[in-house]
Each structure stands twice: as structure tokens, then as C-alpha cells.
**Student:** 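Let me give you the structure first, and then I'll get to my questions.
Starting from 1, each residue takes its place in the sequence as its number. Values reported hereafter were calculated over all heavy atoms of this structure, with side chains retained and with hydrogens, waters and symmetry mates removed. The shown structure was predicted, so the numbers you read here are calculated from the model rather than taken from an experiment.
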Amino acid sequence: MLHDSVTKIALAVTGIILIAIALCWLLLQPGGDIGNYKNYYINDAAAPHHGAVKITFLGAASLLIDDGETQLMVDGFISRKPLWQVATSQLSTDKAAVDVVLGKLQVNRLQAVFASHSHYDHALDIAYIAQRTGAKLYGSSSTLNIGKGANLPSGQMQLYTPDKALQIGQFSITVVQSIHTPPIAYMNDDIGEQIAAPLSQPARVSAYKEGGSYDFLIRHGTISFFIKPDTNFIAGKLDKLQADVLFLGTAMFGKQKPEFQQAFYDETVGKVRPKRVIPIHWDNFFQPLSDHLEAMPQVVDNLEQGFDFLISRTKNDNIEFSILQGYQSLLISPTGQPPE
């Protein structure tokens, strides 16, 4: 009898474990098939000609910006660790992986790195990228504490001055105060928390506090584009701002309530009035950077619901909706008109 009872208990425990594994596997499947949107892919492979700007998508919210003379980077997240490692280990920059990407993209004229906020999926590699290239690191006090933890010299870091244009080469960059994507119910909420002391690697993901969130208005001659890494808004903040291209953060957008989706669109696309919208931060950043990025897991986002909403609204507003896969680029001509 005892043997039968133990066997039944063992079988029950095994069944529970198998069900839990199956459920986790299901929840971690992509929250939509990005392949269904291939008709919206763009990729301008040519080098930027005189006066043009080339913007390359590096997954999550990381972007490389290049006019042929000066390179800028928004965010710096290339060491895309698997979920199990993020959950169980301290994290460090994968320097070899970063070096490969910098070499592949010929990042040899990088002048500045701007961090939209200090979570690890935006800021894990920013200090090493600055060290490796000599670029200056711009950010909040939390971001600069990441630089200090990597022993970046004080002269290679600069605190944000929101709403004041900064000139770097032919680029004019204005940092705009923003607000972080609202966390869904089962996520940890550290919004507004600061990295209060120098942060050295390796470090737990929880050490990378948000530290304030920011958007970026970038102008280059007649070209203008706005980078909004987070899926949230401050009502009225963008009332007097206009740009030809909007890089729009869509992380967890498909999981938000319809009223939030409508308000987010109205306060971003509706206010900026771009000719083209390109979503960013839609991909599963627990997978390596590649030219075949997948959607975020369905436990945190519904990519198809979010993209279908944006495609419908932009179509009604006569705005082009385009998608960049990993390593793909948009080339904006000096007239401010994205190439067809």
C-alpha cells in the first residue's frame, strides 16, 4: 500500500511538473508572427550620401544613426542574454559580441551614446560601447552611475539637460522628458527608482533601475525624426513638436487596454504628425541580435493586435507604416522625405 501511495504521489508530482513546463513553454512563444508583416519591411542598404541620414535597428530600442561623418547611438543593448540567465545570474557585457556588431556596422565614428533609461535592456552595454569607441555617454544620473561603475572618466559623461538642443556634428539632439511603459500586472514596478551609486558589472538585472525615461528629437539639416523608446506618454508634451519619421516604442502595446492604445496613438503619432512610423522595442530581447528577430513572448505582448491597430490608424491618417528587422536600415534624404 505504501509503495502504491508513493508511486501515485510521484506520478502526480511529475504530472504537475510537466504541465508547468508545458505552460511556461506556451507562454514564452512569440506573441504573434512578425513574418505576417513582411510587406511592411524596409531596408536601405546604401551608405548615407551627402546630407542624408541612415538609421539602423539593433533590436529592442537600440538605434545606430549615421550621416557618413558622425555616428550616434540611442541605447546600447547587444548582449542579449537568454531568459534563464537573466533570471538566475548576474549580468555582464558580452564584449566579444559587442565588438562583432561594432565591426559589422563599421562603428568607427561614434561620438555619442544616449540612454533612454537605465533598465538593462537599454543600458547594459552603454559603458563598454563608450569605452570601446571613445564616444561620450549622455544620460540621467542613473545612467551616469553605470558609466562610473565602469570607470568612465567624468569628461566622457554628460548629464541630460531636457528641452535644450545639443549640437554634435551636423546633428541637433533635443532630449525630451518622457515616462516609462506601464508595467502589466505581474511585472515588477521600479518606475522612478534611481541607481544611486556607481554600478559595476557583473550585476543583477534588478540593479538596473529605470532612473527616468526620455525621448529624442533629432534634426539634421531639413531632416527630422523623433525616437520614442517607451510605450507611454505625458499628455500634451509633444503638442509643439513635429518630425518626418517617428520611431515608436511598442513594447507590451498589444496587451494594453483599448482606451490606452487610442490615447497613446493620439498623443504620439497624432501630435508628431510624421510621414512614416516605424515600431521599435517589439522584439524578444532574450534571443541574440540577428536579422530574423521574433516578437516578444505572448506572456508580455500581443504583437499582432498592437501592429494591426497601428496599421489601421496610420492608414486612415495617410501615414506610412514600416518595419525594420534586425540590422536593417532607413535612409532619410536631405529633403526629409524617406525613400520609397
Side-chain angles (χ1 to χ4, degrees), residues 41-80 92-116 121-139 146-147 150 152 156-158 166-173 216 218-221 223-225 227 229 245 247 276 278 280-281 283 285 287-293 322-334 336 338-339:
Y41 284 10
I42 55 171
N43 186 26
D44 300 317
H49 54 270
H50 180 70
V53 175
K54 185 175 184 178
I55 305 164
T56 303
F57 181 50
L58 301 180
S62 295
L63 296 165
L64 176 66
I65 303 159
D66 190 354
D67 69 351
E69 297 179 357
T70 301
Q71 293 171 326
L72 311 175
M73 189 174 286
V74 170
D75 287 347
F77 180 59
I78 296 169
S79 304
R80 295 158 61 106
S92 295
T93 289
D94 184 340
K95 296 179 180 179
V98 174
D99 288 347
V100 166
V101 172
L102 296 180
K104 178 176 182 174
L105 297 176
Q106 299 182 359
V107 181
N108 49 25
R109 294 168 279 106
L110 191 66
Q111 298 299 309
V113 179
F114 296 87
S116 59
D121 57 317
H122 297 257
L124 182 65
D125 301 326
I126 54 175
Y128 177 70
I129 291 171
Q131 287 176 329
R132 183 73 172 76
T133 63
K136 196 167 190 175
L137 176 61
Y138 293 82
I146 296 173
L152 275 183
Q156 201 177 340
M157 299 184 289
Q158 184 166 322
L166 173 70
Q167 195 73 30
I168 301 176
Q170 298 300 311
F171 291 100
S172 172
I173 305 99
F216 307 94
I218 302 180
R219 294 189 174 96
H220 186 285
I223 294 169
S224 62
F225 53 100
I227 301 172
V245 179
F247 291 86
R276 176 170 287 179
I278 298 177
I280 56 175
H281 215 339
D283 59 298
F285 52 78
Q287 297 178 344
L289 176 60
S290 74
D291 56 2
H292 289 88
L293 299 174
S322 304
I323 297 171
L324 294 175
Q325 257 290 357
Y327 293 118
Q328 291 185 341
S329 304
L330 170 70
L331 188 67
I332 311 178
S333 72

**Student:** Taking atom CG of Asp94 and atom OH of Tyr128, what is their separation to the nearest 0.5 Å?
**Tutor:** 9.5 Å

**Student:** Checking Phe247 now: which residues fulfil ring-ring contact (aromatic ring centres under 6.0 Å, His included) with it, not counting sequence neighbours?
**Tutor:** none

**Student:** Is Arg132 paired with Asp99 through a side-chain N to carboxylate O contact shorter than 4.0 Å?
**Tutor:** yes

**Student:** Would the distance check show the side chain of Glu69 and the main-chain N or O of His50 forming a donor-acceptor pair, the cut-off being under 3.5 Å?
**Tutor:** no

**Student:** If only atom types and distance count, is the side chain of Asp44 paired as donor or acceptor with the main-chain N or O of Leu331 below 3.5 Å?
**Tutor:** yes

**Student:** Would you check if there is a donor-acceptor pair between the side chains of Arg219 and Ser224 at a distance under 3.5 Å?
**Tutor:** no

**Student:** Where the side chain of Gln167 meets the backbone of Gly169, is there a donor-acceptor pair that is under 3.5 Å apart?
**Tutor:** yes

**Student:** Under 3.5 Å, side chain of Gln156 to main-chain N/O of Ala135, donor-acceptor pair present?
**Tutor:** yes

**Student:** What distance do Ile278 atom CD1 and Phe57 atom CZ have between them, rounded to the nearest 0.5 Å?
**Tutor:** 10.0 Å

**Student:** Considering only heavy atoms from C-beta outward, does the side chain of Ile168 approach that of Tyr138 to under 4.5 Å?
**Tutor:** yes

**Student:** Applying ring-ring contact (aromatic ring centres under 6.0 Å, His included), name anything that partners His122, two or more places apart in sequence or on another chain.
**Tutor:** His117, His281

**Student:** Partners of His292 by side-chain contact (heavy atoms from CB on, under 4.5 Å), sequence neighbours excluded?
**Tutor:** Ser290

**Student:** Quick one: does any side-chain atom of Thr133 pair with a main-chain N or O of Ile129 as donor and acceptor, under 3.5 Å?
**Tutor:** yes

**Student:** For the residue pair Lys136 / Gln111, report whether a side-chain donor-acceptor contact shorter than 3.5 Å exists.
**Tutor:** no

**Student:** Tell me if a side-chain donor or acceptor on Lys54 pairs with a main-chain N or O of Ala46 at a distance below 3.5 Å.
**Tutor:** yes

**Student:** Output yes when a side-chain donor or acceptor of Asp291 lies under 3.5 Å from a complementary backbone atom of Tyr327, and no otherwise.
**Tutor:** no

**Student:** Hey, what do you get for OH (Tyr41) to OG (Ser322), rounding to the nearest 0.5 Å?
**Tutor:** 12.5 Å

**Student:** To the nearest 0.5 Å, what is the distance between CG (Asp125) and NZ (Lys95)?
**Tutor:** 11.0 Å

**Student:** Can you tell me how far apart CD1 (Ile323) and CG (Leu293) are? Round to the nearest 0.5 Å.
**Tutor:** 11.5 Å

**Student:** Please confirm whether the backbone N or O of Gln71 pairs with a side-chain atom of Arg109, one donor and one acceptor, at under 3.5 Å?
**Tutor:** no

**Student:** Report the distance from atom CG of Asp75 to atom CZ of Phe114, rounding to the nearest 0.5 Å.
**Tutor:** 11.5 Å

**Student:** When you measure from the side chain of Gln170 to the backbone of Thr70, do you find a donor-acceptor pair of N or O atoms at a distance under 3.5 Å?
**Tutor:** no

